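In this text the structure is predicted, and so the values were computed from the model without any measurement. Position 1 is the first residue of the sequence; numbering continues from there. What you see below is based on every heavy atom in this structure, not just the backbone, and it leaves out hydrogens, waters and symmetry mates.
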Amino acid sequence: MLQTRCVNPLLLLALSTVLAGCGGDGDQGAKGDPGAPGTPGANADAIATIGEGAIIIDGAAAGDPKESIYVRKAGHGPKVIVLVPGNNTSGATFDGMMGFFRSIDALNDAYTVYTFDYRGSGKSSYNRKITSLKDFAADFDKVMNKIANFPTSGVTLVGYSMGFGTALEMVIANPGRYANVVSLAGIGTRGVRVGFNAGQAGTDAAGHSWANGDWVTVANDAAGLAGTEFQQRSWQGDQRTYANVQATWDAVVYNDVLKYDISKAFTPAAVTDPAFRASPNYGNSLLDGFTIQYMPESLYYSHKFNVSPVNVVKPAPNADGSVVTIPGDARLGALFNGKRAMLVKATTSLATWRGDQVIYDNYTATSKYDLKRAGASVTAVMINPDQGFDHGFPVARPLETVRLIDAFVKGDVSAAGAAGALGGAGVAVYPNGETAWETDTFTGF
């Protein structure tokens with residue numbers, strides 16, 4: 001979900017790969033209660049023994065089609081972690097991280113880790129389009145209820161990019177299940193904005209004209225979706241080619257690890273350190289984008305997402321005179337009482353085009369404030385730029401990301417602990433007690 005200032009704006013909120021399966025009658029759950037646990041069927045058993053498979057869930061409303069949600073599992077330890085992928089990705093975006101949860105004995109013995117393909121990604125179906133991030137959250141809750149012995153409490157929930165919005169919806173829907181919440185470059189409590197620059201301006205398929213500086217409206221979902229699709233047109237639909245996706249990811253998602261030269265943007269010379277391009281994680285993250293069916297819905301509903309009690313108002317009216325307000329619905333309430341949260345992000349450096357160019361720092365500062373207000377104990381870990389950490393760090397630096405999550409679960413998110421987990425990277429750590437860096441003022445647009 002990305003809006004950049006100097007290059008083709010787009011969305012993004014993440015990356016990765018795929019998988020499949022089909023469900024038997026045993027995966028349907030109790031009749032008449034689509035959210036209740038059922039007797040695990042063949043594929044639920046496969047998840048336990050093989051480590052992957054699909055689970056069939058009922059639709060949200062009577063008459064809605066069923067969906068097939070693909071699940072991956074690593075480890076066999078007592079502590080359960082759920083990894084929630086970002087936009088334009090499936091659960092396969094975490095393949096690198098899952099590999100380390102398997103290969104490091106201490107982690108394999110300590111944790112059982114799950115990740116799911118969103119409806120409309122990877123090997124999951126997309127029989128009914130989503131109408132909010134709540135739909136993704138509801139799908140995952142149904143899946144967890146169908147996995148034998150899946151815990152009803154104590155789970156650590158990790159959301160990457162858009163996945164942090166989905167993770168917040170999961171907590172709101174079932175707060176008792178989760179003890180810890182982690183944001184990896186997450187969109188934050190007040191979502192992200194879909195805005196137009198001069199190169200994206202024009203008239204969409206619904207006949208609405210968008211000007212430089214406009215925000216997509218949220219007063220009418222059909223109009224908002226049409227505007228979002230138009231804003232994304234340069235690399236979606238028939239423009240979703242490998243070359244276009246690669247150019248976008250290189251410039252915005254992997255700018256720091258590839259040492260991107262923004263003065264040569266979208267030319268081969270812009271990538272000055274191509275070593276990461278040889279990694280399977282890199283190639284798979286690009287290919288994962290070709291499994292995505294949930295765009296532009298996912299980006300629009302991330303734009304509309306705001307679970308804080310504060311309205312986000314566009315500083316100036318759109319060119320047509322309309323005022324765009326993203327209402328805060330205050331659904332966080334006090335649901336995070338007793339929970340711990342860690343917010344991790346590479347610091348944005350627009351001047352040098354390093355760090356996270358998708359999610360700006362203020363998204364994290366306001367999220368820290370909002371989550372504390374909701375009762376959580378929150379630590380923010382901001383990774384210094386020009387160290388190979390950018391919006392794609394869970395893909396490009398999977399071992400360091402796993403070690404930081406492990407340190408958090410164990411209770412060590414000190415500056416020394418975070419830096420050590422991240423391979424000696426420089427960090428700024430803002431513990432729960434600080435109040436100067438966090439803010440209630442959203443300036444993330």
Side-chain angles (χ1 to χ4, degrees), residues 14-17 19 51-52 71-86 89-117 154-161 163-164 167 178-186 253-254 256-257 276 279-282 284-285 288 340-346 356 379-384 387-427 429:
L15 321 81
S16 231
T17 10
L19 263 38
E52 60 186 58
V71 181
R72 297 167 180 79
K73 172 180 171 286
H76 51 254
K79 298 176 183 177
V80 173
I81 296 174
V82 174
L83 305 175
V84 185
T89 73
S90 71
T93 201
F94 298 117
D95 278 355
M97 291 173 58
M98 295 287 272
F100 286 114
F101 276 114
R102 294 185 183 100
S103 65
I104 299 172
D105 285 347
L107 297 175
N108 202 5
D109 292 341
Y111 299 105
T112 299
V113 186
Y114 295 91
T115 187
F116 315 132
D117 289 359
V155 173
T156 295
L157 192 55
V158 179
Y160 173 34
S161 197
F164 187 59
Y178 307 104
N180 306 310
V181 182
V182 177
S183 166
L184 304 177
V253 177
Y254 295 131
D256 208 328
V257 70
F276 176 58
S279 165
N281 290 346
Y282 172 83
N284 288 344
S285 71
D288 200 28
R340 297 172 59 234
M342 178 174 67
L343 312 177
V344 187
K345 192 181 105 56
D356 194 338
T379 300
V381 178
M382 301 294 293
I383 308 169
N384 295 345
Q387 300 182 106
F389 289 84
D390 38 40
H391 192 71
F393 75 85
V395 178
R397 308 296 288 268
L399 177 58
E400 293 90 337
T401 307
V402 166
R403 291 201 184 282
L404 184 60
I405 294 169
D406 178 49
F408 167 71
V409 173
K410 291 175 177 175
D412 182 8
V413 283
S414 64
L422 294 171
V427 297
V429 173

* **Step-by-step side chain to side chain contact (heavy atoms under 4.5 Å, CB included) determination, Phe164 to Leu343** => CA-CA 10 Å; Phe164 187 59; Leu343 312 177; 4.0 Å; yes
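Taking CG from Leu399 and CG from Leu404, the interatomic distance works out to 11.5 Å, rounded to the nearest 0.5 Å. Between the CE atom of Met98 and the OH atom of Tyr114 there is a distance of 9.5 Å, given to the nearest 0.5 Å. For the atom pair NZ of Lys345 and CG of Asp390, the computed distance is 10.5 Å after rounding to the nearest 0.5 Å. Atoms CG and CZ, on Leu107 and Phe100 in that order, are 10.0 Å from each other to the nearest 0.5 Å.
The shortest distance between side-chain heavy atoms of Arg403 and Ile104 falls below 4.5 Å. At least one side-chain heavy atom of Met97 sits under 4.5 Å from a side-chain heavy atom of Ile405. A 4.5 Å side-chain heavy-atom check between Arg72 and Asp117 finds at least one atom pair inside the cut-off. In this structure, the side chains of Val344 and Met342 come closer than 4.5 Å at one or more pairs of heavy atoms. Between Glu52 and Val71, every side-chain heavy-atom pair lies at or beyond the 4.5 Å cut-off.
By the side-chain contact (heavy atoms from CB on, under 4.5 Å) test, Ala425 pairs with Ile383, Gln387, Phe389, Leu422, sequence neighbours left out.
When all heavy atoms of Asn384 and Val427 are compared, the pair lying nearest together is ND2-N, 3.8 Å. Considering all non-hydrogen atoms of both residues, Gly163 and Val84 come closest at O-CG1, 3.6 Å. Closest of all the heavy-atom pairs between Pro398 and Val395 is CD-O, 3.3 Å. Here the closest heavy-atom approach between residue Val429 and residue Ala418 is recorded as CG2-CB, 4.2 Å. In terms of heavy-atom proximity, Ala185 sits nearest to Asp356 at CB-OD2, 3.5 Å. The two residues Phe408 and Val181 have their closest heavy-atom pair at CZ-O, 4.1 Å.
Remark: the Thr156 side chain and the Tyr111 side chain contain no N/O donor-acceptor pair separated by less than 3.5 Å.
Asn108 contributes a side-chain N or O that, together with a main-chain N or O of Arg102, makes up a donor-acceptor pair within less than 3.5 Å. With hydrogens and angles disregarded, a donor-acceptor distance shorter than 3.5 Å links the side chain of Thr115 to the backbone of Leu83. With hydrogens and angles disregarded, no donor-acceptor distance shorter than 3.5 Å links the side chain of Asn281 to the backbone of Asp95. Checked by atom type and distance alone, the side chain of Ser161 never pairs as donor or acceptor with a backbone atom of Gly186 at under 3.5 Å.
Within 6.0 Å of the CZ atom in Arg340, the count of heavy atoms belonging to other residues, nucleotides or ligands exceeds 12.
Ring orientation note: the planes of Tyr254 and Tyr282 are tilted relative to one another, at an angle of 30° to 60°.
Aromatic rings of His391 and Tyr160 (six-membered ring for Trp) have centroids within the 6.0 Å cut-off, being under it.
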